[in-house]
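Letters A, B, ... are given to chains in the order of the sequence lines, protein chains preceding strands, and every chain is numbered from 1.
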Amino acid sequence: AQSVTQPDIHITVSEGASLELRCNYSYGATPYLFWYVQSPGQGLQLLLKYFSGDTLVQGIKGFEAEFKRSQSSFNLRKPSVHWSDAAEYFCSGSSNTGKLIFGQGTTLQVKP
Amino acid sequence: NAGVTQTPKFQVLKTGQSMTLQCAQDMNHEYMSWYRQDPGMGLRLIHYSVGAGITDQGEVPNGYNVSRSTTEDFPLRLLSAAPSQTSVYFCASSSKGTGGGSPLHFGNGTRLTVT
C-alpha cells in the first residue's frame, strides 16, 4: 500500500542550528513528493515539490529537500533555523491516481 | 485572490445532526479534495473530485458525502454527525490534480466539534 511516514513526531532545535526532518515513502513507482508547512490555526502552505530530474530541490523560506531513491526518502533541510520556522511540517506523496497522502507530521520547536 | 474559501470556521453539532461544510475556489481548479486533520494522524483524505460531476473516495470516506455540480464548489455533507467526526477539516484544490504533480492550495480549515 502507498504510504508516507515521518518518523519524528516532535523535534526541538536551537535558533541558528541546522535542521533535518525525515520523510520516507512507499510507492510502486517514483511518486510526486511535497513538503508543506502549517502554522497554528492556519491551512497548509507548500514549501517545495519534487517531480523528477535534479534530486535536490529548493523551496521557499530557505528550505531544501533531497530525493534519495535508494533510501525511499525525501528529507527536508535548512542550514540555519529561525524562530519563525516553528510550525508543523508535513511530507506528502502522490501517484498518478491523484490521491495525495500525508505523513503524520513533525512539530518543530525552536529554542532561543 | 480569495483562493480556497471554507465556511464556517467553527461549528458545534449534537450527535445525529446533519450539516454541510462549504468549500469554494476561484482559481478554476479542476481538482478539489477534503481532508480531516487529527492529532498524530496527519491529514487523511476523505473524498476528492477531478472535475465537475466526478467524485471518488479517499482514505476515510465513511459518514461523509460530496457532490461536484460546478467547478468552483465542493461541499462536504455529514448526514448524521458522530463524536468520531470531531476534527479540523480542510478543503484543497489544484489545477491538474496531484496525480499531475500540481501542488494543493488549502483553505484555512473548519473546526468541527460533535458532542
Legend entry - Side-chain donor-acceptor contact under 3.5 Å, A:Gln6 with A:Thr106: yes
Inset, instruction - Please flag which part of B:Gln37 lies under 4.5 Å from any non-hydrogen atom of chain A: side chain, backbone, both or neither. - result: side chain
Legend entry - Charged N-O contact under 4.0 Å between A:Lys78 and A:Asp85: yes
Legend entry - ring pair (Phe, Tyr, Trp, His ring centres under 6.0 Å) partner of A:Tyr89, chosen from A:Tyr36, A:Phe63, A:Trp35, A:Phe102: A:Phe63
Legend entry - Under 4.5 Å from any heavy atom of chain B - which part of A:Leu44: both
Legend entry - Side-chain ion pair, B:Asp73 and B:Arg68, N-O less than 4.0 Å: no
Legend entry - Greatest number of heavy atom pairs closer than 4.5 Å to chain A - which of B:Asn108, B:Leu43, B:Val88: B:Leu43
Legend entry - Part of A:Glu88 lying under 4.5 Å from any heavy atom of chain B: side chain
